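Computed from a predicted structure; not experimentally measured. If you read the sequence from its start, that first residue is 1, and numbering goes on from there. For ligands, and for the atoms within them, numbers begin at 1 and follow the listed sequence.
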Amino acid sequence: MNNECIFCKIIKGELPSYKVYEDNKILAFLDINPINKGHVLVLPKEHYEDTLKTPDELLSSMAVIVKKISKAVMSATGARACNIGINNGAESGQIIFHTHWHIIPRFADDGYELWQGKDSVYKDREAEKIKEKIITFSKNN
Ligand code: 5GP
Ligand code: ZN
């Protein structure tokens with residue numbers, strides 16, 4: 001638990017939330033500023049700063065619950081699609097530094113644009129070099 005963390009306060013019951021799922025390790029509740037109605041956050045009860053700092057076993061449990069709750073969110077809202085999103089670090093848009101995964105029901109006319117890829121991002125042999133760095137790091141860590 002982190003005394004400064006809003007999500008820890010929700011977990012402890014010191015702040016209110018619309019809970020949709022709870023077990024001994026995981027909690028899920030409605031996002032207070034939803035992207036669409038039914039936007040849910042799934043999080044571990046134990047405080048970790050972000051997904052990459054969360055133990056593998058806990059992440060595995062979260063993935064199973066995210067799948068289950070995503071189906072429930074889609075059923076409850078009539079959505080035929082959803083985004084499952086994770087922000088890691090401030091530059092990615094993370095504002096609450098307690099691991100959480102977003103489930104966002106999506107509709108054809110909801111007004112959001114899809115991410116746009118950029119043209120010509122890789123110069124020279126950059127793609128090959130980055131590919132090699134990723135492979136090397138993931139083999140060793
Ligand atoms: P992040 O950008 O860190 O991935 O997303 C944090 C999310 O937490 C945001 O979508 C924001 O609306 C939500 N949020 C922030 N404070 C509260 C709160 O007090 N209660 C609830 N239910 N959601 C919150
Ligand atoms: Zn916390």
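Considering all non-hydrogen atoms of both residues, G89 and Q94 come closest at N-OE1, 2.7 Å. Across G38 and V73, no two heavy atoms sit closer than the pair O-CG1, 3.4 Å. Minimum interatomic distance between A28 and V40 (heavy atoms only, all atoms of both residues): CB-CG1, 4.0 Å. Counting all heavy atoms, side chain and backbone alike, M74 lies closest to A81 at CE-N, 3.5 Å. Contact detail for M62 and L43: the closest heavy-atom pair is CE-CA, 4.2 Å. In this structure, I11 and H98 approach most closely via the heavy-atom pair CD1-CE1, 3.5 Å.
For ligand 1, the atoms lying closer than 4.0 Å to a non-hydrogen atom of H102 are 1 (P), 4 (O), 5 (O), 7 (C), 10 (O).
For L15, the closest heavy-atom approach to ligand 1 does not fall below 4.0 Å. Distances from ligand 1 to the non-hydrogen atoms of F7 include at least one value under 4.0 Å. Contact annotation: G93 has at least one heavy atom less than 4.0 Å from an atom of ligand 1.
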Exercise. Decide ring-ring contact (aromatic ring centres under 6.0 Å, His included) for H102 and H100; before the verdict, give the C-alpha distance in whole Å, the side-chain angles of both, and the deciding distance to 0.1 Å.
Key: CA-CA 7 Å; H102 296 257; H100 58 278; 5.1 Å; yes

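Between H39 and ligand 1, not a single N/O pair is under 3.5 Å apart. At a 3.5 angstrom cut-off on N or O pairs, I10 does not count as close to ligand 1. Of the polar atoms of D31, at least one N or O is found under 3.5 Å from an N or O of ligand 1, judged by distance alone. The distance criterion of under 3.5 Å between nitrogen or oxygen atoms is not met by L41 with respect to ligand 1.
Summary of contacts: the protein heavy atom closest to atom 3 (O) of ligand 1 is I95 N, 2.7 Å. Nearest protein heavy-atom contact of atom 19 (O) of ligand 1 is I6 CG2, 3.4 Å. Annotation: atom 15 (C) of ligand 1 to nearest protein heavy atom, I96 CD1, 3.9 Å. With respect to atom 22 (N) of ligand 1, the closest heavy atom belonging to the protein is L30 O, 2.9 Å.
No hydrogens or angles considered: nothing links the side chains of T51 and T99 as a donor-acceptor pair under 3.5 Å.
The pair E22-K45 meets the salt-bridge criterion, since a charged nitrogen lies less than 4.0 angstrom from a carboxylate oxygen. Using a 4.0 Å cut-off between charged nitrogen and carboxylate oxygen, E128 and R125 count as a salt-bridge pair.
Of all N, O or S atoms in H47, the one lying closest to the Zn ion (ligand 2) is ND1. The closest approach of H98 to the Zn ion (ligand 2), by N/O/S atoms, is made by ND1.
Only the side chain of N87 comes within contact range of ligand 1, with a heavy atom under 4.0 Å; no backbone atom does. Here W101 has no heavy atoms under 4.0 Å from ligand 1, in either its backbone or its side chain. Heavy atoms of F29 found under 4.0 angstrom from ligand 1 belong exclusively to the side chain. Of the heavy atoms in I32, both backbone and side-chain atoms come closer than 4.0 Å to ligand 1.
Here atom 4 (O) of ligand 1 lies nearest to H100 when heavy atoms of Q94, H98, H100 are compared.
Rounded to 10°, the angle that SG of C8 and SG of C5 form at the Zn ion (ligand 2) is 120°.
In this structure, the side chains of T77 and N36 stay at 4.5 Å or more apart for every pair of heavy atoms.
I65 and Y18 fall within the same hydrophobic cluster, where Ile, Leu, Val, Met, Phe, Trp and Tyr residues are linked whenever their side-chain heavy atoms come under 4.5 Å apart, directly or through other members.
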